[in-house]
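So the structure is just underneath, and the comments pick up after that.
Here is how names work: the chains are called A, B, and so on, in the same order as the sequence lines, proteins then strands, and each is numbered from 1.
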Protein chains: 2
Amino acid sequence: MANPIKKPTMTKDSLFPLLAAYVLAEGLGQASLRPLAKAAGTSDRMLLYHFGSKEALIDDLLGFIARTYASTLDAALAGERPVTRGQVVARILKHARSDAAQPFTSLWWEIVAGAARGEESYRAAAQAMMDVLLGWLEGQMPTADPDPEGGARYLLTLIEGTLMLAAIGHEDTAHEGLLASGLLPS
Amino acid sequence: MANPIKKPTMTKDSLFPLLAAYVLAEGLGQASLRPLAKAAGTSDRMLLYHFGSKEALIDDLLGFIARTYASTLDAALAGERPVTRGQVVARILKHARSDAAQPFTSLWWEIVAGAARGEESYRAAAQAMMDVLLGWLEGQMPTADPDPEGGARYLLTLIEGTLMLAAIGHEDTAHEGLLASGLLPS
DNA sequence: GGCAAGGTGTAGCGATTGCTACAAGAGCCG
DNA sequence: CGGCTCTTGTAGCAATCGCTACACCTTGCC
């Protein structure tokens, strides 16, 4: 019943950044307990002690990553409000293609795949991250935009399609599609 | 040096449909040799005999699935040529959301995730399937369309973004995005 | 018939998986 | 001090992984 009797040298919160770094670098497919533990400087035994099971660990970790995503976005996408929808799209795409965002982009498609397979925590994490991005888009829509809410959703759809095509090596197709959309200056 | 000395009761080509059915139902993550063999009515031993290694098996199987995708699309999407771009989008989305296409849609995101991680055969399969879809789109663009090639790429991007959002439970967002695009009748 | 070669089953190997049993250290409260 | 709970390490288990060694059977050719 009593709470903290001993100072733990290692808590969930201190583990999350290291675990997330490993998963971002190696992918969820490589996220077995022993490699994860090694990356976090602990043992599989302790990971299970803290999280109860691997499934719970992944759930928590996806939540952490989704939360981290929000602050990362804010920090990376600061700047004055764009004037056109095309500038909004260009800013997002430039960020998504940056080296800093690359590990996250790889992980993103694994999360989508898990969500598509019905894994609930994957779906929750994916939804949370899309909510963040959608919120950012809504806040960045040009002040003169006739339909900021619908426009943000339209741009989100287009952006995610672009990123998917880029992920499979169809970036040219995506680029030509964006040109044809009239959003980007030719 | 000589070729077929004995009639094999089981060839690669006779295995592909059963293997593909298993992967479509269970996902690539569950595609271990023994379950695959069981689904195909053979043994892990024989799968390795035919394909050499699991990696080669998956490579071949992804190729088969990509090839199958083409004929499936043709069969499912027959019909008279649409008059508007919106009708093209609506037809694809209706098909993608059908029960028949659901297993494939789940598998699709696993393939994308593999491609994003740099797996070459995943990327090849994903590119092949997008080529097929793009080709179909180009052939279905309205005859009066001012820019069929660019328009097809634009629609492809929008469609894939919509499917991704739907896969993670953001179908409402995608639908509102499509409405705001002006392609669909409200 | 004999022989070589392709095809197939059985058994198993070493590695890795998630997880657990057991014991021991560390700090608090009485 | 004595005990109590929290924390941690060591070992190990049953299952599964991809893959292989070995033996056997069939089949076609000479």
| said: Reading DNA chain D from 5' onward, which residue's closest nucleotide shows up sooner: M46(A) or R34(B)? | reply: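 Its nucleotide being nearer the 5' end, the pick is M46(A).
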
For atom [atom1] of [X] and atom [atom2] of [N], their distance in whole Å:
| X | N | atom1 | atom2 | answer |
| --- | --- | --- | --- | --- |
| H50(A) | dG9(D) | NE2 | P | 9 Å |
| L47(A) | dT17(C) | CG | P | 13 Å |
| Q30(A) | dG18(C) | CD | P | 11 Å |
| L28(A) | dG18(C) | CG | P | 12 Å |

| message | Given 3.5 Å as the limit, does a donor-acceptor pair link the side chain of E160(B) with the main chain of M164(A), or not? | response |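 Flag not set: sc E160(B) to bb M164(A) has no pair under 3.5 Å.
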
| said: So does W136(B) get a backbone contact from the side chain of Q140(B), meaning a donor-acceptor N/O pair under 3.5 Å? | reply: no

| Closest heavy-atom contact between P142(B) and T84(B)? |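 The pair with the smallest heavy-atom distance is CG-C, 3.6 Å.
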
| query | 5'-most contact on DNA chain C: R45(A) or A31(A), nearest heavy atom basis? | reply |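 In this pair, the answer is A31(A).
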
| query | For DNA chain C, whose closest nucleotide is more 5', that of D44(B) or that of L48(A)? | reply |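 Nearer the 5' end of the strand: D44(B).
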
| Hydrophobic cluster membership, Y22(A) vs L18(A), 4.5 Å side-chain cutoff |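 As far as the 4.5 Å side-chain criterion goes, L18(A) and Y22(A) are not connected within one cluster.
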
| request: Look at all strands and tell whether T42(B) reaches a base, only sugar-phosphate, or nothing, counting heavy atoms closer than 4.0 Å. | output: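 Nothing: the residue T42(B), judged by heavy atoms under 4.0 Å, touches no strand.
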
| field | Residue-level proximity of residues 51-63 of chain B to DNA chain D when a heavy atom falls under 4.0 Å | value | S53(B), K54(B)

| query | Does a side-chain N or O from S32(A) land closer than 4.0 Å to OP1 or OP2 of dT16(C), or not? | reply | no

| said: Suppose we screen for side-chain contact (heavy atoms from CB on, under 4.5 Å). Which residues come up paired with E149(A), at least two apart in sequence or across chains? | reply: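 Residues passing side-chain contact (heavy atoms from CB on, under 4.5 Å) with E149(A): E138(A), D147(A), R153(A).
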
| field | Remaining members of hydrophobic cluster (4.5 Å side-chain criterion), M46(B) | value |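 Other cluster members: Y49(B).
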
